[in-house]
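These notes concern the structure reproduced below.
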Amino acid sequence: MLYGNVLTPEGWRLGELHWQAGRITRLVGEPVEPATNDHPRILPGFIDLHVHGGGGADAMEGGAALETLARTHARFGTTSLLATTMTAPDVEIRRVLGEIDAYLRAPAVDAARVLGVHLEGPYINPGKLGAQPAHARSGVIEEVDALCALAPIRLVTLAPELSGHLALICHLTARGIRVQLGHTLGSYEEGVAALEHGACGFTHLFNAMTGLHHRKPGMVGAALAHADYAELIPDLLHVHPGAIRAALRCIPRLYAVTDSTAAAGMPDGDYRLGEQTVTKCLGGVRLPDGTLAGSTLTMDQALRNLVGLGLSLAEASDRLSRFPADFLGLPERGRLAEGAPADLVVLDPRLNLQAVFVEGRAIEGEPPCP
């Protein structure tokens, strides 16, 4: 049982939150404005749909690395995540999908729940790789189906302008797999066409896509004009605060991701990102040529950054929990209500993380270095 300011789907309540066998059983309390007291703030656990690594481990390593990254992010308040792959040769993607599937059959205790896979590439534009290795190619339905048979792929990032990708979007959508547009040189018109064929989001909005120009609105323009959902990295390095504010006004269910690498939760130094070496320094992660290569962001810091931009705590929470859950079609996650998993974070009035629970189990240990 916990007592404090509990963020429920109906608003804040000052009272008690009870759970049993990993699910919330009772929530009692009166409406409250948290600013009127110093009791803890109790929020839904964070859901990160774009995680490449953490704690020195990279998802493409598979095996024990998956446990390490899941444990690391849990200590920063992430209670559910998608293990995110990198563009790589087919044999490497198949190997890591098999290892992710094996991990999902026997997941670690005291770790964030891995909900499945975010396949970021290889079906991206080779002219907009960002930090992705140079193994981009067009997707073929039969090949994608073979990958889906290896592990539960929940989300695919692709470039819609590549040959055959509108048909691929339709196929993935019919299978219940979410499609985001990213690492793309596509035009505004190609972005709109992809949305009409079933794509429903944008990967790290603004980054690795054609920008907004008043006569060539680009993929960013398609997102701002038409998207209901999009992910964004609110580390205040990938996207300027002014651009974040513009996206918040335009995209109703804009949600936060970390795009975190093995460097998350670790000191400055060199780390792996897929087949490449990246360097953590000055709060970011970069390739040797200076290209941003994922982030060191954690979800608790993402929450504080959004509140610092002027969002209320409740709205910031929605963008770290409820909206990503809804995007994946998981209506019982990302909210504190009777019957929902007891995934929650406890914050002090200054929004410092005090405790994390995954399905009712307390995550032990202090967070590593940010």
Charged N to carboxylate O under 4.0 angstrom, [X] versus [Y]?
X    : Y    : result
D270 : K280 : no
R333 : D343 : yes
E99  : R94  : no
D318 : R335 : no
E161 : K128 : no
R113 : E359 : yes
D228 : R253 : yes

Cluster link L232 to L309, ILVMFWY, side chain under 4.5 Å: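 L232 and L309: one cluster.
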Calculate, to the nearest 0.5 Å, the distance between atoms [atom1] and [atom2] belonging to [X] and [Y] respectively.
X    : Y    : atom1 : atom2 : value
L97  : I93  : CG    : CD1   : 7.0 Å
Y3   : I42  : OH    : CD1   : 10.0 Å
L311 : R245 : CG    : CZ    : 9.0 Å

CZ/R361: more than 12 non-hydrogen atoms of other groups inside 6.0 Å: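 No, CZ of R361 has 12 or fewer neighbouring heavy atoms, counting only those of other groups under 6.0 Å.
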Where is the tightest heavy-atom contact between Y103 and A108, given as atom of each residue plus distance?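 Distance-wise, the nearest heavy atoms are OH-N, 3.2 Å.
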Can you give me the closest heavy-atom contact between L81 and A112, atom names plus distance?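 Heavy atoms only, the tightest pair is CD2-CB, 3.8 Å.
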Measure from the side-chain N and O atoms of T84 to the backbone N and O of V51, and report whether any donor-acceptor pair falls under 3.5 Å.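 Yes, the answer is positive, given that a donor and an acceptor are paired below the 3.5 Å cut-off.
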Counting N and O atoms only, with roles assigned by atom type, does the side chain of D235 sit under 3.5 Å from a partner on the main chain of H238, one being a donor and the other an acceptor?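 At least one qualifying donor-acceptor pair exists.
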Could you tell me which residues satisfy side-chain contact (heavy atoms from CB on, under 4.5 Å) with P349, sequence neighbours excluded, listed by chain and number?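 Checked P349 against side-chain contact (heavy atoms from CB on, under 4.5 Å); matches are D38, R41.
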Atom pairs and distances, side-chain donor-acceptor, residues 218-225, under 3.5 Å, sequence neighbours left out:
none

Ring centres under 6.0 Å, that's the criterion: do H183 and H204 meet it?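 Yes - the distance between ring centres of H183 and H204 falls below the 6.0 Å cut-off.
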Min side-chain heavy-atom separation H52-S260 under 4.5 Å: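 Side chain of H52 against side chain of S260, heavy atoms only: no contact under 4.5 Å found.
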If only side-chain N and O atoms count, and only distance matters, is there a donor-acceptor pair under 3.5 Å linking Y188 with H226?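 There is such a pair between these side chains.
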Clusters formed by hydrophobic residues whose side-chain heavy atoms approach within less than 4.5 Å: which one holds Y229, and what are its other members?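 ILVMFWY cluster around Y229 also holds I47, L49, L82, L115, L155, I233, Y255, V257, L297, F323, F327, L328, L330.
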Does D48 form a side-chain hydrogen bond (donor to acceptor under 3.5 Å, both in side chains) with T258? I'd like the steps, not just the answer. CA-CA 7 Å; D48 191 348; T258 63; 2.5 Å; yes
